[in-house]
There are 2 protein chains.
Amino acid sequence: MEALRTFLNDSKELSAKEMSFLVDHFEQRQIKRGTVLFEQGAIVNSIFFVAKGVLHHFNYNELGERKTIDLHDGPCFCTDLESFSESKRSEDGCIALTNCTVYVLTKEKYDSLVNTNVKWSNFAKRIIERTLIKILDQLKAISHKSIEERYLDLVKTKPDIIQNASIGTIASYLGTSRETLHRIRKKHLFS
Amino acid sequence: MEALRTFLNDSKELSAKEMSFLVDHFEQRQIKRGTVLFEQGAIVNSIFFVAKGVLHHFNYNELGERKTIDLHDGPCFCTDLESFSESKRSEDGCIALTNCTVYVLTKEKYDSLVNTNVKWSNFAKRIIERTLIKILDQLKAISHKSIEERYLDLVKTKPDIIQNASIGTIASYLGTSRETLHRIRKKHLFS
DNA sequence: TACCAACTGTGTCAAATGACACACTAACAA
DNA sequence: TTGTTAGTGTGTCATTTGACACAGTTGGTA
């Protein structure tokens, strides 16, 4: 619960009362490795906050190969935004790579929250803004850093991902092949 | 003006009166090729809506080389969100590659709008959501499509960018070298 | 224990890429 | 007109990459 509160109160603007009101919209759930959070063809009607654990968010290319879209390493939010906000069928899937503690915010609760008043709407807006800023950073890195740099960044900043995702999954996340990532790993074995 | 109205009323939910109220927050400006919209070291205190024209959004890597972050092809919004929303100094720059019609929304007007009531806050939230969905699509493409595929997509969907940005700028946008993009171009000369 | 499926490690080779070098062209200003 | 600057076209070559093939390893299960 603490991870959720800390993440949400990033700007330290919420009172204890407001925080209680906010977290009451979430439902805690302990999930096991292998649990499906959402899947291809279904409408994603929740936002998941991962307090602890690693999620594999993926889709399939035109050849039917599974491609990693993101590896979510708590604490962070996870959903298929397009499916959630536009009630479309998702093209993606999401599976827990470890046992996780997640807090689920259903669309119903979310809509209720953001329509309460301008404060909560702006609050949700700020969360989306933070997500967008994070994704824009990822986009810059992906365009202008080498696979090797990005792998080393990952080792440094997200060791849980390195430990829990297979080399193939990580390679796909980095946009390269299993073999190339293996060569990079080998090169850095003793550092 | 029409481009702005069409873009904003994507979901067709605004009345004529609401639309007037909304667009009154923007100021129209005609800018010339080469005009700087924002630059490194300054705080970006406006959101720009590009009705027509192409913008070059870039930053510099640790070697001082200019790297293309995005090529904005109207109609679309453009800003440095991190600088705008957190009043930080920007690390990026943005220059018009063509003469453009832009509508400027200052931070002051933006803040005033989103604090009016829950409806306008949710409206702004929806715009940011749409932007995030677009960027997530770009991220998927960049990870799992080849440079060649992405170049051909660009030719098909954004011909104004192809015509107005230099080959080096486009290569940087695609995350490759000028020479490699040249080879791809040559290969597709007659198709 | 024995088996199986998923994953990892590794070698080979053709193809793609980046870096470099340099000639050529277009646009613009003096 | 001439010079200057930015950008383009192109060849060479060392390096990196992806694809393929296959052996080894691991964890779970019958």
Side-chain angles (χ1 to χ4, degrees), chain A residues 32-36 54 56 58 60-68 71 93 95-99 142-152 154-155 159-191, chain B residues 32-36 54 56 58 60-68 71 93 95-99 142-152 154-155 159-191:
Chain A
K32 287 217 179 304
R33 179 166 187 273
T35 303
V36 172
V54 179
H56 183 200
F58 56 86
Y60 297 90
N61 70 3
E62 60 286 351
L63 302 172
E65 297 159 335
R66 182 181 283 199
K67 296 290 177 177
T68 303
L71 292 166
I95 292 184
L97 294 181
T98 63
N99 295 344
I142 221 171
S143 295
H144 302 301
K145 287 187 173 186
S146 67
I147 305 288
E148 187 168 345
E149 275 181 286
R150 288 171 56 221
Y151 174 71
L152 294 176
L154 208 59
V155 169
D160 285 358
I161 288 177
I162 301 294
Q163 275 195 320
N164 293 295
S166 76
I167 189 172
T169 298
I170 299 170
S172 173
Y173 173 64
L174 295 172
T176 189
S177 67
R178 188 177 69 80
E179 293 91 337
T180 295
L181 182 55
H182 181 258
R183 286 172 192 137
I184 292 172
R185 264 194 170 166
K186 203 168 152 187
K187 185 171 157 188
H188 292 279
L189 262 186
F190 306 108
S191 53
Chain B
K32 288 219 179 305
R33 178 165 187 273
T35 303
V36 172
V54 178
H56 183 199
F58 57 88
Y60 297 91
N61 70 3
E62 59 287 347
L63 302 173
E65 298 159 336
R66 181 180 283 199
K67 297 290 178 178
T68 302
L71 291 165
I95 293 184
L97 293 181
T98 63
N99 295 345
I142 223 171
S143 295
H144 302 301
K145 288 188 170 183
S146 67
I147 305 287
E148 186 167 347
E149 274 181 286
R150 289 172 55 221
Y151 174 72
L152 294 176
L154 207 58
V155 169
D160 286 356
I161 288 177
I162 301 294
Q163 274 194 320
N164 292 296
S166 75
I167 189 173
T169 298
I170 299 169
S172 172
Y173 173 65
L174 295 171
T176 190
S177 67
R178 189 176 70 79
E179 293 90 337
T180 296
L181 182 54
H182 182 258
R183 287 174 191 134
I184 293 171
R185 262 194 173 167
K186 202 168 153 186
K187 184 171 159 190
H188 292 279
L189 262 184
F190 306 109
S191 53

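First the proteins, then the strands, lettered A, B, ... as listed; each starts at 1. What you are looking at is a predicted structure, and each value in this text was computed from that prediction instead of being measured.
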key: Criterion side chain to side chain donor-acceptor pair (under 3.5 Å) against B/His56, the qualifying member of B/Thr68, B/Asn164, B/Thr169   = B/Thr68
request  = Round to a whole Å and report the spacing from NZ of A/Lys67 to C1' of D/dG18.
outcome  = 11 Å
ask   = Tell me, for nucleotides 4-19 of chain C in 5' to 3' order, what letter each nucleotide earns: B for a base near a protein heavy atom under 4.0 Å, S for only sugar-phosphate near one, - for neither?
value = ----BBBSB----BBB
inquiry  = In this structure, how many angstroms lie between the P atom of D/dT16 and the CD atom of A/Glu149, rounded?
reply    = 14 Å
query = Going through the distances and angles, do B/Arg185 and B/Ile170 end up as a side chain to side chain contact (heavy atoms under 4.5 Å, CB included)?
reply = CA-CA 12 Å; B/Arg185 262 194 173 167; B/Ile170 299 169; 4.2 Å; yes
inquiry  = So if I define the base as every atom that isn't primed, P, OP1 or OP2, how would nucleotides 25-30 of chain D read as a B/S/- string at a heavy-atom cutoff under 4.0 Å?
reply    = ------
query = What pair of heavy atoms forms the shortest contact from B/Ser143 to A/Ile142, and how long is it?
reply = OG-CD1, 3.2 Å
query = What is the minimum heavy-atom distance between B/Ser172 and A/His144, and which atoms define it?
reply = O-CE1, 2.9 Å
message = Is there a side chain to side chain contact (heavy atoms under 4.5 Å, CB included) between B/His188 and B/Leu152? Walk through the geometry before answering.
response = CA-CA 9 Å; B/His188 292 279; B/Leu152 294 176; 3.7 Å; yes
ask   = Is there a side chain to side chain contact (heavy atoms under 4.5 Å, CB included) between A/Tyr151 and A/Thr176 once you walk through the steps?
value = CA-CA 11 Å; A/Tyr151 174 71; A/Thr176 189; over 6 Å; no
note = Axis-to-axis angle for the helix from C/dT1-D/dA30 to C/dA30-D/dT1, ends of five pairs each, to 10°, equals 30°
task = Identify the heavy atoms of B/Ala96 and B/Lys32 that sit nearest to each other, and give their distance.
result = CB-O, 3.8 Å
task = Look at the side chain of B/Arg33 and the backbone N and O of B/Leu97, then say whether any donor-acceptor pair between them is shorter than 3.5 Å.
result = yes
request  = Would you mind reading off the distance between B/Lys145 atom NZ and D/dG18 atom P, rounded to a whole angstrom?
outcome  = 18 Å
request  = Provide, to the nearest angstrom, the distance between the CG atom belonging to A/Leu63 and the C1' atom belonging to D/dG18.
outcome  = 14 Å
message = Using every non-hydrogen atom in the two residues, find where A/Leu181 and A/Ala171 come nearest and quote the distance to one decimal.
response = CD2-N, 3.6 Å
key: Any donor-acceptor pair under 3.5 Å from B/Arg66 side chain to B/Tyr60 backbone   = no
